[in-house]
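Dropping a structure here in structure tokens format, bear with me for questions.
Every chain is numbered from 1, with letters handed out A, B, ... down the list of sequences. Everything numeric here is computed off the predicted structure, so don't read it as measured data.
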Amino acid sequence: MYDPIAIESRWQAWWEENGTNEPDLDAAERPFFNLMMYPYPSAEGLHVGNLYAFTGADIYGRFRRLRGDDVFEPIGYDAFGIHSENHALKVDTHPMELIPSNIRNFERMLRAAGLMTDWSRTVDTTDPRYYKWTQWIFIQLFKAGLAEKKEAAVNWCPQCQTVLANEQVIAGLCERCDAAVEQRMLSQWFFRITDYAQRLLDNLDWIDWSETTKTAQRNWIGRSEGARLHFPLSGAAAGEGAGQPDRIEVFTTRPDTLFGATFMVLAPEHPLVERLTTDERRAEVEAYVRAAAAVDLVERQKTDERDKTGVFTGGYARNPATGEDIPVWVADYVLMDYGTGAIMAVPGHDQRDFDFARQFGLSIVQVVCSRAALPEGADLADVGGAGPEAAFVEHTADEILVNSGRFSGMEADAGGRAITEWLAERGLAAAEVNYRLHDWCISRQRYWGPPIPIIYCDDCGAQAVPEEDLPVVLPYVEDFRPTATGVSPLARDGAFHAAACPACGAEARRETDVSDTFLDSGWYFLRYPSTEFDDRPFDPERTQAWLPVSSYIGGEEHSVLHLLYSRFLTMVLHDLGHVEFEEPYDRFRKHGLLIRDGAKISKSRGNVILPDRYIARFGADTFRMYLMFLGPFQRGGDFRDSGLAGPERFLKKVWDSVTAAAESGRTGFEDVGVERALHTTIRQISEDLEALSYNTAIAAAMDYLNTLRAGGRTATVDEVRPLVIMIAPVAPHIAEELWARLGGASSIFDHAEWPAWDESKLVVDEVELPVQVNGRLRATIRVARGAPEEVVREAALAEANVIRRLDGVAIRKVIHVPDRMLNLVVS
RNA sequence: GCCGGGGUGGCGGAAUUGGCAGACGCAUCGGACUUAAAAUCCGAAGGGGUCCAUCCCCGUGUGGGUUCGAGCCCCACCCCCGGCACCA
């Protein structure tokens, strides 16, 4: 009798005792670093989504191991961060007590899942032995000028009472608590990831990643090419003191439309608003700016539901192309944190500017026109109507410039370049590339994170904590609640706050913000092979041998956050001479999402899947197999309790057939059909596992077992042994047990060799060939493999059904695909 | 609005990339075993048509096209899922 529960605990203990899953990192000949995204150890325990991802990664690792690689498969815990801290606040327990128990719970569940985890090398981001090096990385960036403190409008979550990265704001709401996010001006530490935007983009062309993930990163980086144009201030504002800016700079992707710029718009936070505003407009402008600051991002971005708002400053700037003075407005549809925070408005060719112009009665000029739409012999310097009533002109393909002085008649792209060059000669323009990507805000005004290792001295400014003083240990603070003032909880700890300046020794203050969780996860993979070293974050030789990561499997939800940041940090570490590679992951594949009974899995729906229960009832092998069988791994699938029966029965039958074969002692291959099926199956499963096509690999194994058992047949040892090896990646415990019963030395993962298929065994002497008449199936004939057309044709013409179809008509054409099909085309 | 991914039996999903649509599994039905049930084993099954058929028609979201042949390629459209979103 197959008793999965007994077998599984026995083998898990055996692996532990024998160090089966702990490769010798210094002796490995074919190192294969099999990485999965480490989990956040929530109090709820291991989520089925975690296990789905881990199982998929584990199967690949076990497969590589059976093929002879030295596979290193570590796991860790991403235990710092707002998520953990919020939960601690909710249950009113200190995170320093909560997290260790969560981790123990996770480890217990992970062990039960039968992963090939090397438990001797786990990582816990909240361990000072780990975050010492997180702080070290911060210091490396600081010293390289890549970490800087700047006053910036930041996303502030009033609920979590902290700054959020742009990535943590979902449609204006806090990713964690769904509160409306506000804007605040705070002094924050930033990593200059935008300096790396182009490289991060360029490398996407060659790294071996899921295409969808690469696309998501490209969109996130959001490169756009255009020009920076200068609009000189005119009127009173122009005359102000020396050293003051005398122009508004804008970024545009459409310099070709410059002649159509009939007004300008500044973001409410733009520094020039103050100067441009005339006295008679001042009260109105200030009211508008104040109101805009109060409006949270959700409201501000509800673009469909509200009309555009704005006020005229009373000031003017000169359109450098037309020489005309155009009014400067303030409106919240222009965002301070993209481009220059100011735009030239071209209402004739931009929907937003058009909407705005219509609303406030501003003039609209058409400056590009599709060739097709031009009337014959039109005067290109005087096309179409101008003024508020002129309709918005949609962007089309074959555009030329009109109403654009000497540039009229030029093709739009070339015209744009020409206009930029023309202005550049006068110092009024430069080609520019802009990125949507923002610098990475590292600071968090929270408790549960690694303290940022900086000391502020009145004389020496911001100083890095000397490396020999690391880690800056996060003190136990009884009251760790965040404050509404934006001051970090650590500031309450006087002993922590006070420090001596590392440069001059004077009394100084410690930075009390902690760093973003994404910094913890930005380098954790580098730590795994070097967990025993306390004097270096990652050992050069180990790193050289094991990195970049050979295979990384994880969720799409980290496409732009974790995956982009870890690429950035790796590039920086490469540039600073710490690692030899600049991309951290050789191969990344995203997995799909699990749903249940056709619906999303969520706590509120009450349809959460508890892996624990299923494993206790069916065993990990059955559960793993079902998870991988329910749909294509990279696309996800639908979990239905009823589906577990398939893999459950299959494993029972495998058990019965293999133990029966072992008892019978019969060997060899008596049946060529079965032998051919074996080789077909080996090929199928080998290719499918490599492609992470686990559902079809399992189907192939089932199919083969059906063949072995057809008509109550008893299989031979040689027929079942390869099957045991091939199901081992998916169902490792039963495979170990059956391998032992077939006389194999333990463990199967150390002693079995992945079976090879023999092409010559795949060929059949006779094939079934569909015969079509006019593309419709009319008969199936059996012919010798590779039979020439004449033979096939003759056999086909002997079929009664074919003869009937050919009666009275002439064969016009014969299409013969050898061994595949024959099609007779008749008139 | 933009960028991805998808739409195939009662259900989850296959389909060698243009060559027998529905592999494998779930559920279902029939049979065997059993006093009976469960478990197990054997078998059936996309829908429809004349009694059965090994015969015929229809069939991969919709409409058109290319082709000897389309689930797969092209054009237009509908719906679902995910991401981004006043990004100049």
- Query: At under 4.0 Å, does any side-chain N or O of A/Asn706 touch on OP1 or OP2 of B/G25?
  - Reply: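 Yes, A/Asn706 has a side-chain N/O under 4.0 Å of OP1/OP2 on B/G25.
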- What's the closest nucleotide to the A/Lys653 side chain, out of B/C41, B/G4, B/G25?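 For the A/Lys653 side chain, the nearest candidate turns out to be B/C41.
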- Name the nucleic acid region contacted by A/Asn823, choosing base, sugar-phosphate or nothing; use a 4.0 angstrom heavy-atom cut-off, strictly under.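 A/Asn823: base contact, heavy atoms under 4.0 Å.
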- Task: Report the relative orientation of the aromatic rings in A/Phe251 and A/Tyr338; use parallel for angles under 30°, tilted for 30 to 60°, perpendicular for over 60°.
- Result: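 Taking A/Tyr338 first and then A/Phe251, their aromatic rings stand perpendicular (interplane angle over 60°).
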- Task: Establish, from distance only, whether the side-chain atoms of A/Arg228 and A/Thr340 form a donor-acceptor pair under 3.5 Å.
- Result: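 Looking only at side-chain atoms, A/Thr340 and A/Arg228 do not form any donor-acceptor pair under 3.5 Å.
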- Query: If we take the P atom in both B/C87 and B/C73, what is their distance in whole Å?
  - Reply: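 Pairwise P distance, B/C87 against B/C73, rounds to 33 Å.
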- Task: Would you kindly give the CG-to-P distance between A/Leu593 and B/C81, to the nearest whole Å?
- Result: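 Rounded to whole Å, this separation is 13 Å.
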- Phosphate-side-chain proximity, A/Arg640 and B/A27, N/O vs OP1/OP2 below 4.0 Å: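 So the side-chain polar atoms of A/Arg640 never come under 4.0 Å of the phosphate oxygens OP1 or OP2 of B/A27.
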- What does A/Arg596 touch in the nucleic acid at a heavy-atom separation under 4.0 angstrom: a base, only the sugar-phosphate, or nothing?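 Contact class for A/Arg596: none.
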- Whole-Å distance between B/A23 P and A/Phe650 CZ?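 After rounding, the reported distance stands at 18 Å.
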- Message: Could you tell me how far apart A/Met702 (CE) and B/A14 (C1') are, to the nearest whole angstrom?
- Response: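 For the pair A/Met702 CE and B/A14 C1', the rounded distance is 13 Å.
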- Atom C1', compared across B/G22 and B/U16: separation rounded to whole Å: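 Their C1' atoms lie roughly 16 Å apart.
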- Row check, A/Tyr2 ring normal vs A/Lys652 NZ/CZ: under 6.0 Å, within 45°: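 Output no; distance or angle outside limits.
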- Task: Would you mind classifying the nucleic acid contact of A/Glu768 as base, sugar-phosphate or nothing, using non-hydrogen atoms under 4.0 angstrom?
- Result: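 Base: the residue A/Glu768, judged by heavy atoms under 4.0 Å, touches a nucleobase.
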- Message: With the 90 degree cut-off around zero defining syn, does B/U50 come out syn or anti?
- Response: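 Here B/U50 takes the anti form, which means its glycosidic angle is more than 90° from 0.
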- B/A53 and B/G7: how far apart are their C1' atoms, nearest whole angstrom?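 Taking atom C1' in both B/A53 and B/G7, they lie 36 Å apart.
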- Reckon A/Asn695 touches a base, only the sugar-phosphate, or nothing at all at heavy-atom distances under 4.0 Å?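 Contact class for A/Asn695: sugar-phosphate only.
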- B/U16 base / A/Arg820 side chain donor-acceptor hit below 3.5 Å: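 When only heavy-atom distances are counted, A/Arg820 does reach the base of B/U16 through a donor-acceptor pair under 3.5 Å.
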- Message: Of the listed nucleotides (B/G4, B/C58, B/G82), which one gets closest to any side-chain atom of A/Lys600?
- Response: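 Output: B/G82.
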- Length of the CG-C1' vector between A/Asp638 and B/C81, whole Å: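 So the two atoms are 13 Å apart, to the nearest Å.
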- Task: Take A/Gly222 and A/Arg805, find for each the nucleotide of RNA chain B with the closest heavy atom, and name the residue whose nucleotide sits nearer the 5' end.
- Result: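 Nearer the 5' end of the strand: A/Arg805.
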- Message: Once rounded to the nearest 0.5 Å, what's the spacing between atom CG of A/Asp621 and atom CD1 of A/Ile734?
- Response: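 The CD1 atom of A/Ile734 is 6.5 Å from CG of A/Asp621, to the nearest 0.5 Å.
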- Item | Interatomic distance where CG belongs to A/Asp656 and P belongs to B/C41 [whole Å] |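 Interatomic distance, CG of A/Asp656 to P of B/C41: 8 Å.
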- Query: Does A/Arg778 have a side-chain nitrogen or oxygen under 4.0 Å from the phosphate oxygens OP1 or OP2 of B/C57?
  - Reply: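 Answer yes for this pair, as a side-chain N or O of A/Arg778 is under 4.0 Å from OP1 or OP2.
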- Query: Is A/Lys308 side chain donor-acceptor paired with the B/C86 base, going by distance under 3.5 Å alone?
  - Reply: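 Such a pair exists between side chain and base.
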- B/A21 versus B/C26 - spacing of their P atoms, nearest Å: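 Between the two P atoms, the distance is 25 Å.
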- Query: Mapping A/Gly631 and A/Gly775 onto RNA chain B by nearest heavy atom, which one lands closer to the 5' end?
  - Reply: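 First, find each residue's nearest nucleotide; the 5'-ward one identifies A/Gly631.
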- Item | Base partner of B/A44, which must satisfy Watson-Crick or wobble distances under 3.5 Å |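 Across all strands, the one nucleotide that pairs with B/A44 is B/U28.
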- Using modelled atom types only, decide if a donor and an acceptor are shared between the side chain of A/Ser559 and the backbone of A/Ala216 within a distance under 3.5 Å.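 No: the side chain of A/Ser559 does not pair with the backbone of A/Ala216.
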- Query: With under 30° as parallel and over 60° as perpendicular, where do the rings of A/Phe639 and A/Tyr614 fit, or are they tilted in between?
  - Reply: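 Geometry flag for A/Tyr614 against A/Phe639: perpendicular rings.
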- Message: Among B/G5, B/A88, B/C3, which nucleotide has an atom closest to any side-chain atom of A/Thr215?
- Response: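 The listed nucleotide nearest to A/Thr215's side chain is B/C3.
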- Query: Quantified in whole Å, what is the C1' atom distance between nucleotide B/G69 and nucleotide B/G18?
  - Reply: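 Taking atom C1' in both B/G69 and B/G18, they lie 8 Å apart.
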- A/Met821 near the nucleic acid: base, sugar-phosphate alone, or nothing, with a heavy-atom cut-off under 4.0 Å?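 Counting heavy atoms under 4.0 Å across all strands, the contact made by A/Met821 includes a base.
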- Query: Do we see a donor-acceptor contact under 3.5 Å between the side chains of A/Asp355 and A/Gln359?
  - Reply: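 A/Asp355 vs A/Gln359: no donor-acceptor pair found between side chains.
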- Message: Please check this pair: side chain of A/Asp332 against backbone of A/Ala292, looking for a donor-acceptor N/O pair closer than 3.5 Å.
- Response: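 No; judged by distance alone, with no hydrogens or angles, the pair does not exist.
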- Query: Over how many whole Å does the gap from A/Lys652 atom NZ to B/A39 atom P extend?
  - Reply: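 Rounded to whole Å, this separation is 9 Å.
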- Task: Using the C1' atom as the reference point in each nucleotide, state the distance between B/G13 and B/G49 in Å, no decimals.
- Result: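 Per the computed distance, 30 Å lies between those C1' atoms.
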- Is B/G9 in the syn range, within 90° of 0, or in the anti range?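 It is syn.
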- Taking side chain as C-beta onward, heavy atoms only, is A/Lys590 less than 4.5 Å from A/His558?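 In short, these two side chains do not touch, never coming nearer than 4.5 Å.
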- Message: Given B/C20, B/C24, B/C87, identify the nucleotide with an atom nearest to the side chain of A/Arg436.
- Response: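 My answer, after comparing the listed nucleotides, is B/C87.
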- Can you tell which of B/C57, B/C3, B/G12 lies closest to the side chain of A/Asn219?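 For A/Asn219, the side-chain atoms sit closest to B/C3.
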- Query: Say you pick atom P in B/G47 and the same atom in B/C52; how far apart are they, in whole Å?
  - Reply: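 That atom pair is separated by 14 Å.
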- Counting any heavy atom closer than 4.0 Å, what does A/Pro632 reach on the DNA or RNA strands: base, sugar-phosphate only, or nothing?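 Here A/Pro632 touches the backbone only, sparing every base.
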- Which part of the nucleic acid, if any, lies within contact of A/Gln772, taking any heavy atom under 4.0 Å across all strands shown: a base, the sugar-phosphate backbone alone, or nothing?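 Base contact - A/Gln772 has a heavy atom under 4.0 Å of at least one base atom.
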- Any strand: nucleotide that pairs with B/C2 via Watson-Crick or wobble, under 3.5 Å: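 Here B/C2 is engaged in a pair, and the nucleotide opposite it is B/G83.
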- Item | Interatomic distance at P, B/A88 relative to B/G82, whole Å |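 The same atom, P, in both gives a distance of 26 Å.
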- Query: Which nucleotide, B/G19, B/A15, B/C3, lies nearest any side-chain atom of A/Thr696?
  - Reply: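 From the listed options, B/A15 comes nearest.
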- Message: For B/C20 and A/Arg776 - does any side-chain N or O of the residue sit under 4.0 Å from the phosphate oxygens OP1/OP2?
- Response: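 No.
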- Item | Any strand: nucleotide that pairs with B/U54 via Watson-Crick or wobble, under 3.5 Å |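 Partner of B/U54: none.
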- Find the distance between CG (A/Asn434) and OG1 (A/Thr253) and round it off to the nearest 0.5 Å.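 The OG1 atom of A/Thr253 is 9.5 Å from CG of A/Asn434, to the nearest 0.5 Å.
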- Task: Using a 4.0 Å heavy-atom cut-off across all strands, classify A/Arg709 as base, sugar-phosphate, or nothing.
- Result: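 Counting heavy atoms under 4.0 Å across all strands, the contact made by A/Arg709 is with sugar-phosphate only.
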- To the nearest Å, give me how far apart CD (A/Glu556) and C1' (B/C84) are.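 Rounded to whole Å, this separation is 13 Å.
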- Check every atom of B/C20, B/C56, B/C24 against the side chain of A/Asn801 and return the nucleotide holding the closest atom.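 Minimum distance to the A/Asn801 side chain belongs to B/C56.
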- Message: Can you measure A/His558 atom NE2 to B/G83 atom C1' for me and round it to whole angstrom units?
- Response: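 The distance from NE2 of A/His558 to C1' of B/G83 comes to 14 Å, rounded to the nearest Å.
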- Counting heavy atoms from C-beta on, name the nucleotide in B/G6, B/C56, B/U40 closest to the side chain of A/Arg649.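 The answer is B/U40.
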- The side chain of A/Leu630 lies closest to which of these nucleotides: B/C87, B/A27, B/G12?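 Of the options given, the side chain of A/Leu630 lies nearest B/G12.
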- Which nucleotide sits closest to the side chain of A/Arg352: B/C87, B/C20, B/C3?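 So the nucleotide nearest the side chain must be B/C87.
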- Item | Below 4.0 Å: OP1/OP2 of B/C87 and any side-chain N or O of A/Arg223 |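 For B/C87, neither OP1 nor OP2 has a side-chain N or O of A/Arg223 closer than 4.0 Å.
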